Amino acid sequence: MTNGRGLTATQRASLKRDGYLLVPSLLDQRVLVRIRHRLDELVRQTIAAWQAGRVADIAEPGVVRVQLDLADASFTACREHPLLADAATTVLGPGWHLAALNLRAPLPGCGHQGLHPDFEQRRTGEPWQTLSAMWTITAFTTGNGPLRVIPGSHRVSEPPIDMQAFGSGMGPHPDEVKLIAPAGSLILCNSASLWHSGTLNYSPGLRLAVTAYLSAPTTAQPDAVS
């Protein structure tokens, strides 16, 4: 089990082999309450802007997506937790940087995505492009739209879905794993190359996650967000 400051050898090996790693319950309740309060405010502002017609193009209908201010003290734990540095160095090597911090919050009845990697020009070996560090601000349950991943797909050149069949990535996949986690957990994901997606929020509440995008020195922003 991690000590909260660095990954164990077993965790490093799992992250490299599977392309993702779930580390449960890292943030305490006091920190989560502060983050949740700020996110609830941003969600209300975003929905109000939708309703007032102030948003010309909603990227993902029914999903609140906000690029967060890297200087916002509410999210200090999400960008400065010591586990991030260890994980980023493990996957990306030295010289990585924090490229962005995003909120993705599917509203009830929304949020399902087709399986995808975040980069169209994905790699299947080192040097890797990015590491996503997704913090579960609310618990990820089977019914509220958890992240799903295809373990090991970051190292396989062929897609795990039929790219010629319309909608083939939308349904369940026999190799998928849905990541169920308590609030305050961390999901590390080689999202540029690993096939993954958000799923439908069947619950009556918001599913809140803050994702830190950790990038190799010459990597651009991802093409997709989960």
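Bear in mind that the values here come from a model prediction, so they are computed numbers and not experimental data.
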Decide whether [X] and [Y] are clustered together by the hydrophobic rule: side chain heavy atoms of Ile, Leu, Val, Met, Phe, Trp, Tyr closer than 4.5 Å, transitively.
{"X": "V33", "Y": "L27", "value": "no"}
{"X": "L208", "Y": "F75", "value": "yes"}
{"X": "L131", "Y": "L70", "value": "yes"}
{"X": "L22", "Y": "I150", "value": "no"}
{"X": "L26", "Y": "L147", "value": "no"}

Residue pairs, two or more places apart or on separate chains, that pass ring pair (Phe, Tyr, Trp, His ring centres under 6.0 Å) and touch residues 15-51: none
Determine which pairs satisfy ring pair (Phe, Tyr, Trp, His ring centres under 6.0 Å) with at least one residue from residues 143-163, sequence neighbours left out, and list them in order. W128-H154
Closest approach of [X] and [Y], non-hydrogen atoms and distance?
{"X": "T138", "Y": "L206", "answer": "OG1-O, 3.9 Å"}
{"X": "L84", "Y": "A133", "answer": "CD2-CB, 3.5 Å"}
{"X": "P146", "Y": "F140", "answer": "CA-CD2, 3.8 Å"}
{"X": "L200", "Y": "H112", "answer": "N-ND1, 3.5 Å"}
{"X": "A192", "Y": "P117", "answer": "O-CB, 3.4 Å"}
{"X": "Q121", "Y": "Q129", "answer": "O-NE2, 3.0 Å"}

Would you say the side chain of [Y] lies within less than 4.5 Å of the side chain of [X], judging by non-hydrogen atoms?
{"X": "H196", "Y": "Q113", "answer": "no"}
{"X": "L194", "Y": "V149", "answer": "yes"}
{"X": "M134", "Y": "R104", "answer": "no"}
{"X": "T136", "Y": "I187", "answer": "yes"}
{"X": "Q11", "Y": "V23", "answer": "yes"}
{"X": "T46", "Y": "V55", "answer": "no"}
{"X": "S197", "Y": "H116", "answer": "yes"}
{"X": "S193", "Y": "F119", "answer": "no"}

Keeping D86 on the side-chain end and T90 on the backbone end, is there a donor-acceptor pair under 3.5 Å? no
Does P106 offer a backbone N or O that forms a donor-acceptor pair with the side chain of N201 under 3.5 Å? yes
Candidate list [options], test side-chain contact (heavy atoms from CB on, under 4.5 Å), partner [X], passing option:
{"X": "L103", "options": "V43, I35, T211, V63", "value": "V43"}
{"X": "V64", "options": "L42, L39, I47", "value": "I47"}
{"X": "L214", "options": "L92, T130, V91", "value": "L92"}

Going from [atom1] on [X] to [atom2] on [Y], what distance comes out if it is rounded to the nearest 0.5 angstrom?
{"X": "Y213", "Y": "C189", "atom1": "OH", "atom2": "SG", "answer": "9.5 Å"}
{"X": "N190", "Y": "R122", "atom1": "CG", "atom2": "CZ", "answer": "9.0 Å"}
{"X": "N102", "Y": "C78", "atom1": "CG", "atom2": "SG", "answer": "11.5 Å"}
{"X": "R155", "Y": "K16", "atom1": "CZ", "atom2": "NZ", "answer": "8.5 Å"}
{"X": "L188", "Y": "S132", "atom1": "CG", "atom2": "OG", "answer": "9.0 Å"}
{"X": "L186", "Y": "H81", "atom1": "CG", "atom2": "NE2", "answer": "7.5 Å"}

Residues which pass side-chain hydrogen bond (donor to acceptor under 3.5 Å, both in side chains) with T141, listed by chain and number, not counting sequence neighbours: N144
Please determine, by modelled atom types, if S168 and D162 share a side-chain donor-acceptor pair under 3.5 angstrom. no
Considering only Ile, Leu, Val, Met, Phe, Trp and Tyr, and joining two whenever side-chain heavy atoms are under 4.5 Å apart, list the other residues clustered with F166. none
Review item, side-chain donor-acceptor pairs of residues 176-185, under 3.5 Å, at least two apart:
unit_1	atom_1	unit_2	atom_2	d
E176	OE1	R148	NH1	2.7
E176	OE1	H173	N	2.9
S185	OG	S25	N	2.9
S185	OG	P182	O	2.8

Qualifying side chain to side chain donor-acceptor pair (under 3.5 Å) pairs, either residue in residues 69-78, two or more places apart: R38-D72, D72-S74, T76-R79
Is the shortest distance from a Lys or Arg side-chain nitrogen in D40 or R44 to a carboxylate oxygen in the other one below 4.0 Å? no
